[in-house]
*Asks:* 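Please find one structure pasted underneath; my questions will follow.
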Amino acid sequence: MVTTPAGASTGGAEPVVGAAVAEVVRLASELIAIDTTSTADADRRGSEQPAAEYVAARLAEAGYEPAYVESGGRGRGNVVVRLPGADPARGALLVHGHLDVVPADASEWSVHPFSGEVRDGYVWGRGAVDMKGMLAMMLAVARALRRGGVRPPRDLIFAFVADEEAGGFQGARWLVEHRPELFEGATEAIGEVGGFSVTLGAQRDGTPGGPRVYLVQTAEKGSVWLRLRARGTAGHGSLLNEDNAVVKLAAAVSRLGGHRFPLVLTGPVRELLHGLAELTGHPFDERDPQATVARLGGLSRLVGAALRDTANVTMFEAGYKSNVVPSVARATVDGRVLPGREAAFRAEVEAVLGPEIECEWASLPAVETRFGGALVDAMAASLVGEDPGARILPYLLPAATDAKSFQRLGIRTFGFAPLRLPPDLDFTALFHGVDERVPVDALEFGTRVLYRFLLSC
């Protein structure tokens, strides 16, 4: 079902939310300008500390007493604050976001990726959408609530964490295992990659102009990292070699690259596609979901990856000299697995690779919750309050977030970082992409929605 409740009112709070809106773009720009490029190397100093110190200082200015915690290594800065609510007996809401970003090659960009430049109605730079734009919204609203003396209906925990881009093992996962008291009482959470708008249909001139739908993440795939190894006989490159480790591994990963995992229609994807069919008038045949996905334009990449498991070879390493056949070849595979498919995925991958390939497995679980309840109603109401035509639908994220760590504490997690986007913006292509940017008016819109939401949830 498409949820369309009445809009929530912010009452006489305009000066408070106005203060948040007035500074969100500046905060986003300043956060982007702090280079927090992710590293998966546990022996290297983390990059998040300067950004964490920046966040802590801005929160302290507003009257908070931030908890600054280094997680799992030097420089892995995290900041957590709690704003008491009117009903301490209710479960707290966790609002979380990550400080780190993926690398960026400045030579490929129109602007420097760590400039935070504001130009042509956008804030540009690495992390603009993933996810320093949301961090700026969180920070602006947290500051405005505290300075305005506003008491939300329940406790709010704002967490700015490290290391999400490398799995969160030295960020959210470490905090959950070593500092769970920071999240005491939290029962629900919102984080990244949800709440953004998609405009459906097209006007007569071909430009998008149909209903505007906001996608709320209610599930995400599990993450599986495979380290593959093939062994063979070392020897001179000029001689015959029928036991070549490189050939064995190349053939195995080629088979895996050509393999197609079975199509599985999960609950969130089924609900999404039925909801889109209802809004567009295009029929949805559950026997052929790919036909519906193909009509979704840029969104088809995101939804299409949620129809089946994936396993992509991302690294290949072998040899040390051109005239030597090495005895070992190695590769890395990034696997993403639908909820409930973990055992089947492993068996399928091992069968495709074959018995000669050694596999080391590391994984993080899938996440899934139902699309419904008071929190979802509050999301819809807050969006309608700022965009009267808004509709919301659930979806399954084919990637991973820190929800995987926070669910270990029994916290029900959603992706809800609200943004109203231009109809022609290919938003999903901006994640980890060149010229990553977020519209200024989308940040201001999202700040107003987040403020409404936190006062009604």
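We count residues from 1, following the sequence as given. Computed from a predicted model, the values in this text were never measured in an experiment. Scope of the values below: all heavy atoms of this structure, side chains included, with no hydrogens, waters or symmetry mates.
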*Asks:* Check this for me: does any side-chain nitrogen of one of Arg173 and Glu177 sit under 4.0 Å from a carboxylate oxygen of the other?
*Replies:* yes
*Asks:* Minimum heavy-atom separation for Phe183 and Val176, please, with both atom names.
*Replies:* CE1-N, 4.5 Å
*Asks:* Does any pair with a residue in residues 393-405 pass salt bridge (Lys or Arg N to Asp or Glu O under 4.0 Å), and if so which ones, sequence neighbours excluded?
*Replies:* Glu220-Lys404
*Asks:* For Arg229, what residues pass the side chain to side chain donor-acceptor pair (under 3.5 Å) criterion, not counting sequence neighbours?
*Replies:* Glu358, Glu360
*Asks:* With His98, which residues qualify under ring pair (Phe, Tyr, Trp, His ring centres under 6.0 Å), at least two apart?
*Replies:* none
*Asks:* Supply the atom-to-atom distance Ile357 CD1 to Arg231 CZ, rounded to the nearest 0.5 angstrom.
*Replies:* 11.0 Å
*Asks:* Between Arg58 and Glu30, is there a salt bridge with N-O shorter than 4.0 Å?
*Replies:* no
*Asks:* State, yes or no, whether a side-chain contact exists between Leu182 and Ile157 at a heavy-atom distance under 4.5 Å.
*Replies:* no
*Asks:* What pair of heavy atoms forms the shortest contact from Asn78 to Ala52, and how long is it?
*Replies:* N-CB, 4.1 Å
*Asks:* Ser327: which residues meet the side chain to side chain donor-acceptor pair (under 3.5 Å) condition with it, sequence neighbours left out?
*Replies:* none
*Asks:* Looking only at heavy atoms, what is the nearest atom pair of Glu70 and Trp174, with distance?
*Replies:* O-CH2, 3.7 Å
*Asks:* My understanding is that only residues two or more places apart in sequence, or in another chain, count here; which of them pass salt bridge (Lys or Arg N to Asp or Glu O under 4.0 Å) with Lys221?
*Replies:* none
*Asks:* Search all heavy atoms of Pro180 against all heavy atoms of Leu409 and return the closest pair with its distance.
*Replies:* CB-CD2, 4.2 Å
*Asks:* How close do Thr36 and Ala51 get, counting heavy atoms only, and between which atoms?
*Replies:* CG2-CB, 3.6 Å
*Asks:* The criterion is salt bridge (Lys or Arg N to Asp or Glu O under 4.0 Å); which residues satisfy it with Glu192, sequence neighbours excluded?
*Replies:* none
*Asks:* Is a side-chain donor or acceptor of Asn323 paired with a backbone partner of Gly237 at a separation under 3.5 angstrom?
*Replies:* no
*Asks:* Does this structure show an ion pair linking Glu48 with Arg76, if we count only N-O contacts that are shorter than 4.0 Å?
*Replies:* yes
*Asks:* Would you call Arg330 and Glu317 a salt bridge, taking side-chain N to carboxylate O under 4.0 Å as the test?
*Replies:* no
*Asks:* So, applying side chain to side chain contact (heavy atoms under 4.5 Å, CB included) with Pro289, which one of Val264, Val269, Leu272, Leu273 is it?
*Replies:* Leu273
*Asks:* Taking the six-membered ring where the residue is Trp, are the ring centres of His282 and Phe284 under 6.0 Å apart?
*Replies:* no
*Asks:* Checking the side chain of Ser300 only, and the main-chain atoms of Leu296 only, is there a donor and an acceptor separated by less than 3.5 Å?
*Replies:* no
*Asks:* For the pair Arg255 (side chain) and Val352 (backbone), establish whether a donor and an acceptor sit closer than 3.5 Å, ignoring hydrogens and angles.
*Replies:* yes
*Asks:* Would a distance-only check, ignoring hydrogens and angles, find a side-chain to backbone donor-acceptor pair under 3.5 Å from Lys132 to Val101?
*Replies:* no
*Asks:* Only one of Phe431, Phe427, Phe416 passes ring-ring contact (aromatic ring centres under 6.0 Å, His included) with Phe196; say which it is.
*Replies:* Phe427
*Asks:* With Thr369, which residues qualify under side chain to side chain donor-acceptor pair (under 3.5 Å), at least two apart?
*Replies:* Arg412
*Asks:* State, with a plain yes or no, whether a side-chain heavy atom of Ser47 is found less than 4.5 Å away from one of Asp35.
*Replies:* no
*Asks:* With a 4.5 Å cut-off on side-chain heavy atoms, are Ile392 and Val376 touching?
*Replies:* yes
*Asks:* Does the side chain of Val111 come within less than 4.5 Å of Arg437's, by heavy atoms?
*Replies:* no
*Asks:* Got Leu430 and Asp130 here, is their nearest side-chain heavy-atom distance under 4.5 Å?
*Replies:* no
*Asks:* Pairs under 3.5 angstrom only: tabulate donor-acceptor contacts from the side chains of residues 112-120 to other protein residues two or more places apart or in another chain.
*Replies:*
residue	atom	partner	partner atom	Å
His112	ND1	Phe114	N	3.0
Ser115	OG	His112	O	2.8
Ser115	OG	Glu117	N	3.2

*Asks:* Check whether any side-chain heavy atom of Phe261 lies under 4.5 Å from a side-chain heavy atom of Val337, and answer yes or no.
*Replies:* no
*Asks:* In chain order, what residues pass the side chain to side chain donor-acceptor pair (under 3.5 Å) check against Ser197, with sequence neighbours excluded?
*Replies:* none
*Asks:* What is the ring orientation for Tyr64 with Phe158, classed by angle as parallel under 30°, tilted 30 to 60°, or perpendicular over 60°?
*Replies:* perpendicular
*Asks:* Drop me the distance from Leu249's CG to Leu256's CG, to the nearest 0.5 angstrom.
*Replies:* 10.5 Å
*Asks:* With the side chain counted from C-beta on, respond yes when Leu299 and Leu302 share a heavy-atom pair under 4.5 Å apart, and no when they do not.
*Replies:* yes
*Asks:* So which atom in Ala28 and which in Leu443 form the shortest heavy-atom distance, rounded to 0.1 Å?
*Replies:* CB-CD1, 4.0 Å
*Asks:* Quick one: salt bridge (Lys or Arg N to Asp or Glu O under 4.0 Å) partners of Asp155, sequence neighbours excluded?
*Replies:* Arg82
*Asks:* Can Arg346 and Glu350 be counted as an ion pair, charged N to O under 4.0 angstrom?
*Replies:* yes
*Asks:* On the 0 to 90° scale, with breaks at 30° and 60°, tag the Tyr214-Phe445 ring pair as parallel, tilted or perpendicular.
*Replies:* parallel
*Asks:* Are the side chain of Asp243 and the backbone of Thr233 linked by a donor-acceptor contact shorter than 3.5 Å?
*Replies:* yes
*Asks:* Check whether any side-chain N or O of Gln407 sits under 3.5 Å from a backbone N or O of Ala366 as a donor-acceptor pair, and report yes or no.
*Replies:* yes
*Asks:* Could you pull out all residues at least two apart from Glu356 that satisfy salt bridge (Lys or Arg N to Asp or Glu O under 4.0 Å)?
*Replies:* Lys248
*Asks:* Enumerate, atom names and distances included, each donor-acceptor pair closer than 3.5 Å involving a side-chain atom of residues 309-316, sequence neighbours excluded.
*Replies:*
residue	atom	partner	partner atom	Å
Asp309	OD1	Leu338	N	2.8
Asp309	OD2	Arg341	NE	2.8
Asp309	OD2	Arg341	NH2	2.9
Thr314	OG1	Thr332	O	3.4

*Asks:* Using side-chain heavy atoms (C-beta onward) and a distance below 4.5 Å, is Leu276 in contact with Val198?
*Replies:* no
